[in-house]
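In what follows, a single structure is set out as structure tokens and then discussed.
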Amino acid sequence: MRDQVGPQCTENLCTVAPTNLQVSIGEELKKDPHEGRYFYPVLRENVGKSEEGSVMTKLTLQQFTGQLALSQKPSLIRPISPLAAATDLIKSHFDSGRLSDARRVFDELPERDVVAWTAMVSGYTSNARPEDAWASFRAMASAGVSPNAFTVSSILSACRAGEFTEGTAAVHALSVRLGVKGQTHVHNALIYAYSEFHRGMLDALQVFDEITHRSAVSWTTIVAAYVRSGDGGAAAQMCRRMFQEGVELNPFTLSIAIRASAAAENLALGRQIHAAANKTGHAINLPVSNSIADMYSRCASLSEARQHFSEMPRKDLITWNTMIAALDRAGSVDSCSLLLDMLSQSIQPNCFTFTSIISSCAKLSCLIFGQQVHGAAVRRGFRENHHIFNALIDMYAKCGAVADSRRVFDETCRRSLVSWTSMIIGYGVHGFGEEAIKLFNEMIGYGIQPDAIVFMGVISACSHAGLVEEGLEFFNSMESRYGVSPDAKFYGCVVDLLGRSGRLREAAELIEAMPFEPDESVFGALLGACKMHKKVELGVAAGRKMLNLMPEGAKTYVILSNIYAAGSEWDWFADVMKMMRGMGWKKDVGMSWIEVREEVCCFVAGEQSSPSAALASEVLTLLGFHMDEERDLLFSFGSVWDGGEKSYISNSVVIVEALG
DNA sequence: ACCATCAAGG
């Protein structure tokens, strides 16, 4: 009788959907990414548990059924019903992204049980179609089929992906009524879904606290939720609790713990978990290892990140991207050379790689290289990637090519708030205050809800362009009209706005009237303004406050000394200098870089060793003469030349032209 | 048939 099982099973399959089955069986076998071995996608589930993983080489249908009949453990093979086989087929279609095939098989079914319905819900969810998942879920209810724990956790995934806030709450209630809320998968899916929503962490935490038996999954879910919500401190705290309660150390718990340390910028904790990963042998797991490199970089320990990276025996695309992003974050030119290393190993960059490299170009003002990267990204078909486009807008603006920035902005089809913000900030830093304001109003016209950062952008644009009244107007209306409440950094921005234009008294009054304690950004802005307008007394007061807040701030001492110098308070000036020297502080080495043809050259102040530096220095001297002449000419025309920051940029540009 | 880990923007 049992010998019949295999062939019978085949017959059943064929009765349901003969055509599809042939296709499904005859095609290339699916590769298991973890083992590198091959499974039949459709048939694996039917026999998988019976044959210890049932690892098979390529088999035809005939061979497969033959093997079934010869199986050593035929008692474990169960005949499957036509409906179950069809459900497998649906799942297989979904797994390969053939949504319409899956749908057709489902529609042809003479009857549908909860498993078949759930396959539809979860199939749509895993193919990033939460709306269709929800539609199936509703249709299931209309058909009078009651969902089970599997359905509930699947639809919760869809609620998370589709940001169905109310749907999540409704399904939560449903899960209580069905009595499935207590099941591991359901409450973990609930935590995950809630955590994705604005202020959803409270709900997520409540679900978490109600769990009586917390699995490793529950813990990783809640810690990951805190990390995603941006609360690194809470994530690290939760992480400690997780280990205290003796959760197992597996690749999941370790990697999320490392991410939590990174989010909290807690290097000590990160090192501890790194050690634990080494000890348990999980450090060779790629996700774990990649997050270790990332953690070191986010905890400002680039050298440890580099060390770890160089010691990794295996690297994947994420490893490279993580390290490139780390170097970009640190503002190092090495991000670009690492890209070359990566390409030399025939690893193809993806959109993450491009975003980091473009960001590096922005930081390093590599316009020419940035343009090439832009071209490369377009050629590789990353035309629609949000992150890349926003990075490009930012890059062109930071490289001084605001018009190109605008061109990119205009051709972006789906502009996000970030795109608008990048463009507004781009205008702002170049002093195009009017354009920034115009763009901001245009954005509001499109119905985009502004956030704190875009307000900061437009207000600082006003500040740079001297549009004080306009800036104040934005500041005063942001909370009342748009419900965006200013934080301490905003006050710094507005103090800067008032201060730059010399309205220091108002700036000081604003600080007095602040609803919370002013932070260093506020006093820093005031201090800068005092320096600019040579207000010694107020500046000294601000500098003192600054030093109370950040006694390590070498920059404050520098500005303070400048203020004393500006007020000719030489005794005080000398005291500050002495204090700085006494604390053993040295100013960071000044460094400039320019892009010459395809290379970025770095110059340290006073450096003469390399031939290019010597040549550049020569050209610079020559240019100095010319500029002196120009300046004299300007003076003779009565123009103002303050010899300030502008000269640095123009020098670089001129040197590029001179050498190129 | 369901839940959890690694990389990107202002």
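Proteins get letters first, then strands, A, B, ... in listed order; numbering begins at 1 in each.
At the heavy-atom level, N350(A) lies under 4.0 Å from base atoms of the strands shown. Note on I425(A): only backbone sugar-phosphate atoms sit closer than 4.0 angstrom, heavy atoms only; bases stay farther off. Nucleic acid contact class of N148(A) (heavy atoms, under 4.0 Å, all strands): base. No contact: T353(A) has no heavy atom under 4.0 Å from any strand. Within 4.0 Å of Y192(A), counting heavy atoms only, lie sugar-phosphate atoms of the nucleic acid but no base atom. Within 4.0 Å of I393(A), counting heavy atoms only, lies no atom of the nucleic acid at all. Residue contacts for D451(A): at a heavy-atom cut-off of 4.0 Å it reaches a base atom on one of the strands shown. Residue contacts shown for T118(A) include a base, since a base heavy atom lies under 4.0 Å away.
T421(A) contributes a side-chain N or O that forms a donor-acceptor pair with the base of dG10(B) under 3.5 Å. S153(A) contributes a side-chain N or O that forms a donor-acceptor pair with the base of dC2(B) under 3.5 Å. Residue-to-nucleotide contacts include a donor-acceptor pair under 3.5 Å from the side chain of S416(A) to the base of dG9(B).
Put simply, S419(A) has no side-chain N or O that comes within less than 4.0 Å of OP1 or OP2 on dG9(B).
Under the salt bridge (charged side-chain N to carboxylate O under 4.0 Å, His left out) criterion, R103(A) pairs with D107(A), not counting sequence neighbours.
Looking at the side chain of F252(A), the nearest of the listed nucleotides dC3(B), dT5(B), dA7(B) is dT5(B). Here dT5(B) is the nucleotide among dG10(B), dT5(B), dA1(B) with the atom lying nearest to any side-chain atom of P287(A). Among dA8(B), dC2(B), dG10(B), the nucleotide with an atom closest to any side-chain atom of S356(A) is dA8(B). Listed nucleotides: dC2(B), dA7(B), dG10(B). Nearest to the side chain of I318(A): dA7(B). For T220(A), counting side-chain heavy atoms from C-beta on, the closest listed nucleotide (dG9(B), dA4(B), dC3(B)) is dA4(B). Which of dG10(B), dA7(B), dA4(B) sits closest to the side chain of N321(A) comes down to dA7(B). Distances from the side chain of V217(A) to the nucleotides dG10(B), dA8(B), dA4(B) place dA4(B) closest. With distances taken from any side-chain atom of N390(A) to the nucleotides dA7(B), dG9(B), dA4(B), the minimum falls on dG9(B). Closest to the R298(A) side chain, of the nucleotides dG9(B), dA7(B), dA1(B), is dA7(B). The side chain of R329(A) approaches dA8(B) more closely than any other nucleotide in the set dA1(B), dA8(B), dT5(B).
I258(A) has its CD1 atom 11 Å from the P atom of dA7(B), to the nearest Å. Distance L392(A) CG to dG10(B) C1': 14 Å, rounded to the nearest Å. Put simply, NZ on K363(A) is 12 Å from P on dA8(B), counting in whole angstrom units. In this structure, the OH atom of Y396(A) is 18 Å from the C1' atom of dG10(B), given to the nearest Å. When the C1' atom of dA7(B) is taken as reference, atom CE of M312(A) falls 12 Å away, rounded to whole Å.
With a 6.0 Å radius and a threshold of 12 heavy atoms from other residues, nucleotides or ligands, R380(A) has its CZ atom above the threshold. Counted within 6.0 Å of CD1 on I284(A), heavy atoms from surrounding residues, nucleotides or ligands total 12 or fewer; the atom is thus considered open.
Between F137(A) and W134(A), the angle of the ring planes lies from 30° to 60°, which puts this pair in the tilted group. Ring pair Y446(A)/W420(A) is tilted by interplanar angle, where 30° to 60° counts as tilted. Classification of the Y296(A)-H308(A) ring pair by plane angle, with boundaries at 30° and 60°, yields tilted.
Here the options are L302(A), I324(A), D294(A), the test is side chain to side chain contact (heavy atoms under 4.5 Å, CB included), and the partner is R329(A); only D294(A) passes.
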